[in-house]
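Worksheet: the structure to be examined is printed underneath.
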Amino acid sequence: QAIYSAGMSGSRPTVPTDYAALEAAAEKAMSEEAYAYIAGGAGRESTMSANRRAFERWRIVPRMLRNVEERDTSIELFGRRLDTPFVLCPIGVLEMAHDEADIAVARAAAARGTPMLFSNQASRSMEECAAAMQRVRNDAPRWFQLYWSKSDALVESLVSRAEACGCEAIVVTLDTTLLGWRSRDLDLAHLPFLLGQGIAQYTSDPVFRASLSEVPDDGPRPKINTRTLRNVIAAARHYPGSSLRALTSGQALAAVRQFIATYSRPNITWADLAWLRERTTRPIVLKGILDGDDARLAVEHGVDGLIVSNHGGRQVDGARASLDALPEIVAAAPDLPVILDSGIRGGADVFKALALGASAVGIGRPYAYGLALDGEAGVGEVLDNLAADFELTMALAGCSDIATIRAGATRLVRDEH
Ligand code: FNR
């Protein structure tokens with residue numbers, strides 16, 4: 001309502017309400033490298049555009065005369081009541097967008113009680129983010145997103161730190177055992193730089209730090225030679241908000257090397273989930289599910305929730321749109337919360353995802369652009385705009401709450417044109 005009145009008052013918002021305008025404004029506010037990293041997708045970006053096309057193919061059939069004066073956009077997720085059906089997707093290397101990076105996002109999320117998913121590739125440690133959230137609102141909801149490292153000891157350490165700093169769920173991202181073919185980043189040759197800006201969860205970890213003394217001088221250097229690495233680390237440390245500044249250049253070099261050598265375990269399988277299950281009492285959520293059979297396997301392996309996602313089109317170019325995968329996944333895992341991300345850009349997208357069975361949606365690039373434009377306030381505006389847009393769409397479509405949308409009270413039809 002406040003946003004609507006502001007619009008009526010004739011003052012222009014700092015953060016555009018239209019997604020295309022938001023992206024264009026953020027592009028102007030960022031370095032070429034930062035924009036390429038955030039906006040880019042894998043390969044020829046066909047999955048990125050498929051995500052949008054999937055939303056466009058569905059049309060809402062609004063229903064009339066249903067009394068939508070009282071509206072409720074809240075949901076319950078893992079025992080928590082949330083005012084809006086949103087979670088903030090984990091986004092790594094936010095230092096590229098804004099000096100305050102994850103901290104600004106943490107404050108905006110906490111003020112709204114929206115769960116923030118701390119990225120494994122964050123620019124600020126989970127403890128710093130949790131403390132920032134805690135200062136805004138006691139028990140503001142947060143989850144931790146894990147990339148499953150080769151080092152069992154590091155995985156155990158990350159998970160126990162996440163529990164200690166109040167993370168209410170452990171999200172295992174499955175679609176990034178290897179980094180996708182990111183043409184924009186490859187052509188700017190800044191991937192090593194990005195790695196340096198996104199390793200705060202590691203450099204703040206006691207197990208990881210102890211392992212640095214074991215990295216020999218000419219230790220693992222997959223494809224990146226030491227001179228290149230030294231140069232990019234010097235550049236990364238020069239960056240005003242860089243978390244690498246707290247380290248000596250020798251420590252930074254060892255950290256980036258060790259990170260490259262251990263961050264991922266491409267040999268994980270379904271059987272490994274039991275190991276994680278024994279090490280956390282928090283709900284385990286799998287991110288990156290796109291197949292109904294995988295959803296069934298997740299149920300069989302005792303998982304607590306799913307995120308249907310193609311990583312915003314950044315991993316398998318040519319992968320199906322995540323919205324297209326949603327109905328079969330909801331059918332295969334009817335008792336699990338299913339969150340949908342990849343392509344949510346406005347209120348109608350949220351409505352469509354919920355109508356197709358999602359329990360909530362994940363917001364990705366839009367909040368990163370808000371961050372780039374105006375830090376904490378920018379993230380907040382993006383979230384408030386999306387909430388207002390969604391509430392209007394819900395009401396005008398003839399639904400006064402989310403249970404009504406999910407029960408199919410308003411139909412979606414396929415666009416034949
Ligand atoms: C991501 N994503 C991501 N996912 C994850 O599990 N861990 C991570 O560290 C990151 N990092 C990351 C960086 C950037 C710049 C982007 C754009 C995305 C994927 C993210 O969580 C989410 O799945 C997508 O962003 C959703 O798609 P849209 O809404 O951005 O299109």
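Each ligand, and each atom within it, is numbered from 1 in the order the structure gives.
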(message) What I want to know is whether Ile91 and ligand 1 share at least one N or O pair that is separated by under 3.5 angstrom.
(response) no
(message) By the side-chain hydrogen bond (donor to acceptor under 3.5 Å, both in side chains) test, which pairs, at least two apart or in different chains, include something from residues 284-294?
(response) Asp293-Arg296
(request) Check whether any N or O atom of Arg365, backbone or side chain, sits under 3.5 Å from an N or O atom of ligand 1, and answer yes or no. (result) yes
(request) Give the numbers and elements of all ligand 1 atoms closer than 4.0 Å to a heavy atom of Lys287. (result) 4 (N), 5 (C), 6 (O), 19 (C), 20 (C), 21 (O), 22 (C), 23 (O)
(request) Write out the residue and atom name of the closest protein heavy atom to atom 19 (C) of ligand 1, then the distance separating them to 0.1 Å. (result) His311 CD2, 3.4 Å
(request) Give the ring-plane orientation class for Trp148 versus Trp275, where under 30° counts as parallel, over 60° as perpendicular and anything between as tilted. (result) tilted
(request) Do me a favour and list the nearest non-hydrogen protein atom to atom 11 (N) of ligand 1 with residue, atom name and distance? (result) Gly92 N, 3.0 Å
(request) Select the closest option to atom 14 (C) of ligand 1 among Arg52, Gln201, Arg314, Gln315, judged by heavy-atom distance. (result) Arg314
(message) Need the ligand 1 atom indices (1-based, order shown) with element for anything under 4.0 Å from a heavy-atom of Ser309.
(response) 23 (O)
(request) Just grab all the side-chain hydrogen bond (donor to acceptor under 3.5 Å, both in side chains) pairs involving residues 325-340, residues at least two apart or on different chains. (result) Arg320-Glu328
(message) Need the ligand 1 atom indices (1-based, order shown) with element for anything under 4.0 Å from a heavy-atom of Gly364.
(response) 25 (O), 29 (O), 30 (O)
(message) In the structure I gave you, are the side-chain heavy atoms of Arg182 and Arg184 within less than 4.5 Å of one another anywhere?
(response) no
(request) For atom 13 (C) of ligand 1, find the nearest protein heavy atom and state the residue, atom name and distance (0.1 Å precision). (result) Tyr37 OH, 3.3 Å
(message) Would Asp341 count as a polar contact of ligand 1, with the cut-off being nitrogen or oxygen pairs under 3.5 Å?
(response) yes
(message) Tell me the protein heavy atom at minimum distance from atom 10 (C) of ligand 1, and give that distance in Å.
(response) Pro90 O, 3.2 Å
(message) Please confirm whether Ile38 approaches ligand 1 to less than 4.0 Å, judged on its heavy atoms.
(response) yes
(message) In the structure I gave you, are the side-chain heavy atoms of Val379 and Arg107 within less than 4.5 Å of one another anywhere?
(response) no
(message) Evaluate Gln145 for polar contact with ligand 1, using N/O atom pairs at a separation under 3.5 Å.
(response) yes
(request) Distance to 0.1 Å, residue and atom name: give those for the protein heavy atom nearest to atom 8 (C) of ligand 1. (result) Tyr147 OH, 3.2 Å
(request) Please verify whether a non-hydrogen atom of Ser342 lies at under 4.0 Å from ligand 1. (result) yes
(message) Quick test of your reading of the model: are Arg265 and Asp152 salt-bridged, counting only N-O distances below 4.0 Å?
(response) yes
(request) Please report which non-hydrogen protein atom sits nearest to atom 24 (C) of ligand 1, along with the residue it belongs to and the distance in Å to one decimal place. (result) Gly312 N, 3.7 Å
(request) For ligand 1, note which part of Met48 has a heavy atom under 4.0 Å away: side chain, backbone, both or neither. (result) neither
(request) State plainly whether the residues Asp415 and Arg53 are in salt-bridge range, i.e. N to O under 4.0 Å. (result) no
(message) Give me the nearest non-hydrogen protein atom to atom 6 (O) of ligand 1 as residue plus atom name, then the distance to 0.1 Å.
(response) Thr173 OG1, 2.7 Å
(message) Under a 4.0 Å threshold between the charged nitrogen and the carboxylate oxygen, would Arg365 count as salt-bridged to Asp341?
(response) no
(request) Answer yes or no: is there a side-chain heavy-atom contact under 4.5 Å between Arg345 and Pro366? (result) yes
(message) Side chains of Arg161 and Ser125 only: does a donor on one sit below 3.5 Å from an acceptor on the other?
(response) no
(request) Would you kindly say whether Thr73 and Glu391 are connected by a side-chain donor-acceptor distance under 3.5 Å? (result) no
(request) Do me a favour and list the nearest non-hydrogen protein atom to atom 9 (O) of ligand 1 with residue, atom name and distance? (result) Ser119 OG, 2.7 Å
(message) Closer than 4.0 Å to some heavy atom of Cys89 - which atoms of ligand 1 meet that?
(response) 20 (C), 21 (O), 22 (C)
(message) Side chains of Asp317 and Ser46: any donor to acceptor distance under 3.5 Å?
(response) yes
